[in-house]
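Written below as structure tokens is the structure these notes are about.
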Protein chains: 2
Amino acid sequence: MARRSPERLTIADVAEKAGVSLSTVSRVMNGSTTVDAALTQRVREAAVTLGYTASPLARSLVLGKTQTVAVIVPDLGNPTFQGALRGLSTGAAGENYHVLVADSFEDPSKEAELAREARRRSDGIVLCAPRMTDDELNELLPQISPAVVINRTPTSARVPVVAADYRSGFAQLLAHVKDLGHRKLLFLSGAEGSASNRDRLAAVDAFRAANPNIEISVLTGSVNFADGYASADDVIASDATAVLAFNDLVAMGLLGALTARGVDVPGEVSITGFDDIQFAQYTTPPLTTAAVPTPELGAQAWARMWDLLNGRQPAYNLAFGPLVVPRGSTGRPPKTGDDPHPAAT
Amino acid sequence: MARRSPERLTIADVAEKAGVSLSTVSRVMNGSTTVDAALTQRVREAAVTLGYTASPLARSLVLGKTQTVAVIVPDLGNPTFQGALRGLSTGAAGENYHVLVADSFEDPSKEAELAREARRRSDGIVLCAPRMTDDELNELLPQISPAVVINRTPTSARVPVVAADYRSGFAQLLAHVKDLGHRKLLFLSGAEGSASNRDRLAAVDAFRAANPNIEISVLTGSVNFADGYASADDVIASDATAVLAFNDLVAMGLLGALTARGVDVPGEVSITGFDDIQFAQYTTPPLTTAAVPTPELGAQAWARMWDLLNGRQPAYNLAFGPLVVPRGSTGRPPKTGDDPHPAAT
DNA sequence: CCACCGTGAGAAAACGCTTTCTCATACAAT
DNA sequence: ATTGTATGAGAAAGCGTTTTCTCACGGTGG
């Protein structure tokens with residue numbers, strides 16, 4: 001709240017100074033035409049010399065809108081959500097909207113309450129809650145409407161969705177390593193029950209069905225650097241020739257650990273990430289990954305929120321098809337005797 | 001604002017259901033002891049069955065506080081501010097405070113107005129405004145009090161400051177490359193007038209005075225990847241053997257460009273960054289840099305804001321002395337005939 | 001010349017809460 | 001029995017706006 005020591009400036013002060021009633025000042029400030037030109041002028045001057053601006057709080061209370069949207073993210077440290085936040089913030093700023101941000105710290109049990117509370121302080125919610133259950137989500141969404149959901153599609157609630165198509169992106173990555181000749185794959189999957197993880201697993205299942213001769217094992221629970229780093233031993237123990245990490249963070253952690261152990265990438269093991277965060281191109285070797293335009297995700301989320309706020313039918317749901325960016329971390333598998341399908345040289 | 005379609009639930013509804021007056025409900029909700037136990041119970045039950053929670057807006061208006069702090073950052077895409085935002089958000093969440101975030105897009109002319117507007121919607125401002133002039137800052141700070149400033153020290157206004165000591169950090173980096181034997185240095189400086197850039201320049205000046213035999217040239221205006229990448233030609237044209245980039249982003253961009261041109265790092269040119277962002281250790285070669293604990297910066301900023309909000313004397317100002325993390329991107333300079341002080345082999 | 005109407009400005013209600021003020025009740029003290 | 005004092009609850013006054021309602025004024029038409 002603004003300082004109250006120098007007696008907060010109120011609309012009454014302006015009215016007094018201009019010699020008119022409160023109502024007239026309000027009318028002038030809100031651009032009502034039904035005010036005499038001379039009075040308008042007087043009020044304007046009074047407001048300027050006093051340095052008056054209406055209290056957003058009082059306006060919000062009577063107008064029933066806060067000029068604010070809230071974003072719920074599971075982890076502010078995650079580049080994906082940073083990108084989305086940035087895109088959203090840019091869009092909101094363009095319409096003079098403010099952004100309230102809340103970090104749920106990957107705790108699905110907090111997300112709903114966080115969202116409800118944030119909703120009361122804002123005009124709408126942009127929700128990134130990959131780990132919340134479908135039931136919770138379906139129950140929550142009607143309560144916090146208007147809402148826009150990022151990176152998952154609620155089963156029942158009708159709500160605008162902006163997402164990266166993790167399934168198709170992951171399918172492309174699988175095809176990429178298959179084309180390179182890998183026949184023994186390992187997927188370092190993310191958090192159990194995370195929506196985008198389910199999408200990746202769906203791609204794995206489809207791939208398995210289509211390629212019975214290719215073996216894919218799954219190791220679960222890797223979402224960040226440390227997890228990737230810690231998985232190195234398991235990766236080595238499996239004798240997979242290609243490891244598909246849940247995301248770039250995991251891939252980079254794994255890459256670091258493997259390099260430290262003297263494992264050659266991609267000579268002995270190929271690694272892929274996901275997201276194409278700004279830094280993926282600077283690893284050693286540069287990381288093959290699937291590119292997700294996160295700021296655009298945020299921008300599109302804002303576009304839909306803006307439609308909603310203006311009572312318009314929001315634009316179509318959107319799924320960005322990630323593009324595979326082949327870089328140095330993937331290559332042909334090492335030639336070993338037990339390769340059932342040796343690549344033609 | 002919450003939905004008004006299903007007739008927003010108000011304190012009057014609870015009062016009616018419990019058969020008491022509004023005042024009593026309010027007293028119960030705010031933990032006043034002067035309410036009969038039986039009534040308290042009735043009110044509690046009514047509130048729960050109705051699912052009532054007081055409107056934060058109305059409370060804010062009458063209480064004069066919003067339970068919200070605002071952060072102004074110059075660029076949400078910059079890892080330094082992301083880290084600070086994260087640390088701050090964590091601290092605020094711990095006290096049930098909310099965080100409003102505004103991105104000034106590196107535009108100093110917007111920062112002041114952004115801060116003033118944000119201040120009116122919050123109880124305090126955490127300001128990262130490295131490029132605002134001292135005069136503007138000194139004028140602004142009293143208007144938005146309580147405020148905490150990150151990464152610069154206002155000349156006149158008395159305000160808590162939490163900062164990384166860029167000068168000492170940069171001095172250490174200079175010493176590091178000097179010790180390696182470099183005698184011809186290049187500083188890719190940041191935005192003219194940025195506070196943390198001035199600090200680095202101060203370190204350069206002191207270093208020059210102390211080491212007249214070492215040549216340091218300065219190239220100005222690099223703050224991100226692209227700038228670093230674009231500076232490659234200038235870097236090659238200067239025949240410096242060590243380049244100190246403004247920050248890790250610039251260093252990584254430069255590194256990428258030099259690698260692409262076939263320049264050996266650190267064989268031909270050594271490179272240092274600044275900040276030690278999470279990704280600096282994954283470049284090729286890993287980046288020598290000075291580590292700044294950005295989340296801690298945010299956490300400490302919150303601690304001071306919290307003191308301020310509670311009318312306490314805020315904790316001492318804090319300057320984190322960054323630590324040099326020597327990695328692969330720096331090494332001994334190449335031996336050339338014109339080296340006046342060839343390193344002993 | 002009077003009734004009527006449009007124009008524009010002030011008074012007052014509303015937004016949903018907190019808190020002070022006021023008052024009724026009950027109990028202890030004289 | 002009567003005054004005094006806790007105790008606890010309701011009435012009402014804000015907090016700073018917007019907006020509806022009301023009304024005064026001056027000009028037009030009959």
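Computed over heavy atoms, backbone and side chain alike; hydrogens, waters and symmetry mates excluded. The shown structure was predicted, so the numbers you read here are calculated from the model rather than taken from an experiment. Chain naming here is simple, since letters A, B, ... match the order of the sequence lines and numbering starts at 1 in each.
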Give a yes or no on this: more than 12 heavy atoms of other residues, nucleotides or ligands lie within 6.0 Å of atom CD of B/Glu16.
-> no
Evaluate the ring planes of B/Trp302 and B/Tyr97, with Trp represented by its six-membered ring, and classify them as parallel (under 30°), tilted (30 to 60°) or perpendicular (over 60°).
-> tilted
Nucleotide nearest [X] (side chain, heavy atoms from C-beta), chosen from [options]:
{"X": "B/Ala58", "options": "C/dG16, C/dC15, D/dA9", "value": "C/dG16"}
{"X": "A/Ser23", "options": "D/dG14, D/dT18, C/dA11", "value": "C/dA11"}
{"X": "B/Val20", "options": "D/dG10, D/dT19, C/dC17", "value": "D/dG10"}
{"X": "B/Asp36", "options": "D/dG10, D/dG8, C/dG16", "value": "D/dG8"}
{"X": "A/Arg27", "options": "D/dG16, C/dA9, C/dT19", "value": "C/dA9"}
{"X": "A/Ala54", "options": "C/dG16, C/dT18, D/dT17", "value": "D/dT17"}
{"X": "B/Arg8", "options": "C/dT19, D/dG16, C/dG16", "value": "C/dG16"}

N/O donor-acceptor pair under 3.5 Å between A/Asp103 side chain and A/Ile72 backbone | no
Would you confirm whether B/Asn30, through its side chain, and B/Ser26, through its main-chain N or O, come within 3.5 Å as a donor-acceptor pair?
-> yes
To the nearest angstrom, how far is [X] atom [atom1] from [N] atom [atom2]?
{"X": "A/Arg120", "N": "C/dC15", "atom1": "CZ", "atom2": "C1'", "answer": "13 Å"}
{"X": "A/Leu57", "N": "C/dG16", "atom1": "CG", "atom2": "P", "answer": "14 Å"}
{"X": "A/Asn30", "N": "D/dT18", "atom1": "CG", "atom2": "C1'", "answer": "7 Å"}
{"X": "A/Ile11", "N": "D/dT19", "atom1": "CD1", "atom2": "C1'", "answer": "12 Å"}
{"X": "B/Arg42", "N": "D/dG10", "atom1": "CZ", "atom2": "P", "answer": "9 Å"}
{"X": "A/Leu22", "N": "C/dA12", "atom1": "CG", "atom2": "P", "answer": "11 Å"}
{"X": "A/Leu63", "N": "C/dA14", "atom1": "CG", "atom2": "P", "answer": "17 Å"}
{"X": "B/Leu61", "N": "C/dA14", "atom1": "CG", "atom2": "C1'", "answer": "13 Å"}

So which heavy atom on [X] is nearest to which on [Y], and how close?
{"X": "A/Val161", "Y": "A/Pro154", "result": "CG2-CD, 3.7 Å"}
{"X": "B/Arg198", "Y": "B/Gly193", "result": "NH1-O, 2.9 Å"}
{"X": "B/Tyr52", "Y": "B/Thr10", "result": "CE1-C, 3.6 Å"}

Does a side-chain N or O of [X] approach OP1 or OP2 of [N] to a distance below 4.0 Å, or not?
{"X": "B/Ser21", "N": "D/dG10", "result": "yes"}
{"X": "B/Thr24", "N": "D/dG8", "result": "no"}
{"X": "B/Arg59", "N": "C/dT18", "result": "yes"}

Give the intermediate values and the outcome of salt bridge (charged side-chain N to carboxylate O under 4.0 Å, His left out) for residues A/Asp107 and A/Arg131.
-> CA-CA 8 Å; A/Asp107 182 349; A/Arg131 299 172 67 168; over 6 Å; no
What does A/Ser26 touch in the nucleic acid at a heavy-atom separation under 4.0 angstrom: a base, only the sugar-phosphate, or nothing?
-> base
How is B/Leu39 classified with respect to the nucleic acid when contacts are heavy atoms under 4.0 Å: base, sugar-phosphate, or nothing?
-> sugar-phosphate
Rounded to 10°, the angle between the first-five-pair and last-five-pair axes of the helix from C/dC1-D/dG30 to C/dT30-D/dA1 is 70°
